[in-house]
Amino acid sequence: MPPLPSDLRTQLERTVIAARDAAETAARASLIALAVERDAPFTSMSEEQRRLRRGLRAKARRLGEGDFATGLPLLVDEIAYQQWHRMLFARFLAENSLLMHPAGVPVTLAECAELAAEEGAADAWDLAARYAAAMLPGLFPVNEPAVQVRFAAEHRLALERLLDGLPADVFTSDDGLGWVYQFWQSKRKEEVNRSERKIGGADLAPVTQLFTEDYMVKFLLHNTLGAWWAARHPDSPLLRDFDYLRWVDESEEPEGQSDAQTPHSPRRSPAAGTFPGWPQRIADVTLLDPCGGSGHFVVAAFDLFTAMRMAEEGLSEEQAVAAVLADNLFMLDIDPRCCQIATFNLLLAAWKRIGVRADLPTPHIACSGIAVEGQLDDWLRLAGEDERLRTSLTRLHGLFKDAPTLGSLIDPAHVPPNERLFSADYDDVLPVLERALA
């Protein structure tokens, strides 16, 4: 499907901004109903409600790094995000015929409405969100307190109306999912920018998340990965799909202009070069996006890699999809929510490509913004009296404690020679580090 046209993008932006306001209002009301801000629960609360209250209070303290008051507004934000995005992801799956019943058959939102009562769900959206969460267990873990919160009926209906108001084309477009998190952060970005405070930590995500337009992503990929392919497969029919690949007459300088859609001929070569230092086989080429956001680059690259592996290795589409996820694509981001959205974005693209929800390799997407846990003294006790291990763990702890601000900018290879990361051999440090992280 093509990218979102401007009118639908504007409609999506208005809807997501309104949804955040509505979801945060609902989250605050839920916390009041569960007595989360009170020193004691209401006497009328059930044991299940009390257990959820305890989990939410603990979550607020974690978010506030031990300070409950600081963590409370962050908890509101987390609940709002989780509840809205569960519904949003469910509709993305449903509109692409990929929302699956536990029995393994696809279901529509209309069928979810019919099944809701017998499965103990409040309505179609509640059941659809459950099915989506079951398909994506690592994204919406059922033991997460923010996921377990149940909004009051009037708040659920407000969110459902917003989601129902979006046309199906939003959910079947190539880039609809990519825009949603930037729009979710719009008001927060304005707030941080107006404050003129030093930006770091929790402020980084809303200020720096900028979705890359579809034509920019394609231009960059077509003139790198596409140029590499063209140099090694000059007669490949795939070249017809590289709309942004620039060519140059071999007698001209590389900066010579050419028609981007001129087919390759023996007298022409990619203007970007042929990348002779790259591997010769597509199976050996890897792409890492160190600031991947919602995954637009890895999703676009996924389609290119899949077509190339089918052409070069004779793989079926499903084999190529699995191989690309396992071998070729890697992504980091400082924001765990971006990693969540990017993971779903990539899996959705893979399922759409093969036309069915299938078990696939876990995407190589990781959050680079998670700080180390625990005190340095606790880490050092694991090293005993071994000074080499103690020095290495001290450097590791110091290097990664600023991960929420630095993310993938951290590069152990750039530590000054007299402060190298490992005084001890890596094989000696690794088991101690694993115990420290555990």
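As the structure is a computational prediction, the values presented were derived from the model and not from experiment.
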Q.
Determine whether Val321 and Arg309 satisfy the following criterion, side-chain contact (heavy atoms from CB on, under 4.5 Å), listing intermediate values before the conclusion.
A. CA-CA 9 Å; Val321 163; Arg309 293 200 68 165; over 6 Å; no

Would [X] and [Y] pass as an ion pair if we require N to O under 4.0 Å?
| X | Y | answer |
| --- | --- | --- |
| Lys59 | Glu144 | yes |
| Glu317 | Arg353 | yes |
| Glu47 | Arg54 | yes |
| Lys352 | Asp174 | no |
| Asp284 | Arg281 | yes |

Distance from [X] atom [atom1] to [Y] atom [atom2], nearest 0.5 Å?
| X | Y | atom1 | atom2 | result |
| --- | --- | --- | --- | --- |
| Trp125 | Arg86 | CH2 | CZ | 12.0 Å |
| Leu348 | Met135 | CG | CE | 9.0 Å |
| Leu115 | Tyr131 | CG | OH | 5.0 Å |
| Phe92 | Leu98 | CZ | CG | 12.5 Å |
| Ser186 | Arg14 | OG | CZ | 13.0 Å |
| Leu287 | Asn328 | CG | CG | 9.0 Å |

Has the side chain of [X] got a donor or acceptor atom that lies under 3.5 Å from a matching backbone atom of [Y]?
| X | Y | answer |
| --- | --- | --- |
| Thr70 | Gly64 | no |
| Gln83 | Ala80 | no |
| Arg91 | Leu163 | yes |
| Asp333 | Gly293 | yes |
| Trp228 | Pro279 | yes |
| Trp351 | Ala358 | yes |
| Arg57 | Val36 | yes |
| Thr224 | Leu221 | yes |

Over all atoms of both residues, closest heavy-atom pair of [X] and [Y]:
| X | Y | result |
| --- | --- | --- |
| Ala323 | Leu315 | CB-CD1, 4.3 Å |
| Phe151 | Ser30 | CD2-OG, 3.4 Å |
| Leu245 | Ala230 | CD2-CB, 4.1 Å |
| Cys367 | Ile334 | SG-O, 3.6 Å |
| Ala132 | Leu99 | N-CD1, 3.9 Å |
| Gln11 | Gly165 | NE2-O, 3.0 Å |

Give a yes-or-no answer on whether the side chains of [X] and [Y] include a donor-acceptor pair shorter than 3.5 Å.
| X | Y | answer |
| --- | --- | --- |
| His296 | Asp214 | yes |
| Trp229 | Ser236 | yes |
| His101 | Glu119 | yes |
| Gln340 | Tyr181 | no |

Q | Chi angles and distances behind the side-chain contact (heavy atoms from CB on, under 4.5 Å) call for Asp335, Gln185 | A | CA-CA 12 Å; Asp335 186 348; Gln185 296 282 38; 4.2 Å; yes

**Q.** Criterion side-chain contact (heavy atoms from CB on, under 4.5 Å) on Phe344 and Leu139, from CA distance to verdict
**A.** CA-CA 8 Å; Phe344 176 61; Leu139 302 190; 3.8 Å; yes

Is there a side-chain contact between [X] and [Y] (heavy atoms, below 4.5 Å)?
| X | Y | value |
| --- | --- | --- |
| Asp327 | Thr286 | no |
| Asp77 | Leu63 | no |
| His233 | Leu238 | no |
| Leu52 | Pro145 | yes |
| His222 | Leu304 | yes |
| Ser173 | Pro3 | no |
| Phe242 | Asn223 | no |
| Arg357 | Leu347 | no |

Q) Checking salt bridge (Lys or Arg N to Asp or Glu O under 4.0 Å) for the pair Arg9/Glu13: CA distance, chi angles, key distance, verdict? A) CA-CA 6 Å; Arg9 188 190 306 175; Glu13 181 175 17; over 6 Å; no

Q: Check the surroundings of atom CD in Glu312: do more than 12 heavy atoms from other residues, nucleotides or ligands lie under 6.0 Å from it?
A: yes

Q: Count the heavy atoms of every other residue, nucleotide or ligand shown that sit under 6.0 Å from CD of Glu118, and state whether that count exceeds 12.
A: yes

Q. Can Ile341 and Cys338 be said to form a side-chain contact (heavy atoms from CB on, under 4.5 Å), step by step?
A. CA-CA 5 Å; Ile341 292 173; Cys338 278; 5.8 Å; no

Q: State which residues pass side-chain hydrogen bond (donor to acceptor under 3.5 Å, both in side chains) with Asp175; sequence neighbours excluded, sorted by chain then number.
A: Trp179

Q: Show your working on salt bridge (Lys or Arg N to Asp or Glu O under 4.0 Å) between Arg53 and Glu48 and close with a plain yes or no.
A: CA-CA 9 Å; Arg53 174 184 175 273; Glu48 182 180 356; over 6 Å; no

Q. Should the pair His364 and Phe330 be assigned to parallel (<30°), tilted (30 to 60°) or perpendicular (>60°) ring geometry?
A.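 Taking Phe330 first and then His364, their aromatic rings lie parallel (interplane angle under 30°).
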
Q) Does the salt bridge (Lys or Arg N to Asp or Glu O under 4.0 Å) test come out yes or no for Arg156 and Asp126, once each step is laid out? A) CA-CA 9 Å; Arg156 293 200 309 272; Asp126 180 35; over 6 Å; no

Just list the side-chain donor-acceptor pairs under 3.5 Å for residues 37-46, sequence neighbours left out, or say none.
| unit_1 | atom_1 | unit_2 | atom_2 | d |
| --- | --- | --- | --- | --- |
| Arg38 | NE | Ala40 | O | 3.4 |
| Ser46 | OG | Gln49 | N | 3.2 |
| Ser46 | OG | Gln49 | OE1 | 3.4 |

**Q.** Intermediate values then yes/no, salt bridge (Lys or Arg N to Asp or Glu O under 4.0 Å), Arg381 and Asp377
**A.** CA-CA 6 Å; Arg381 275 196 289 273; Asp377 288 346; 5.7 Å; no

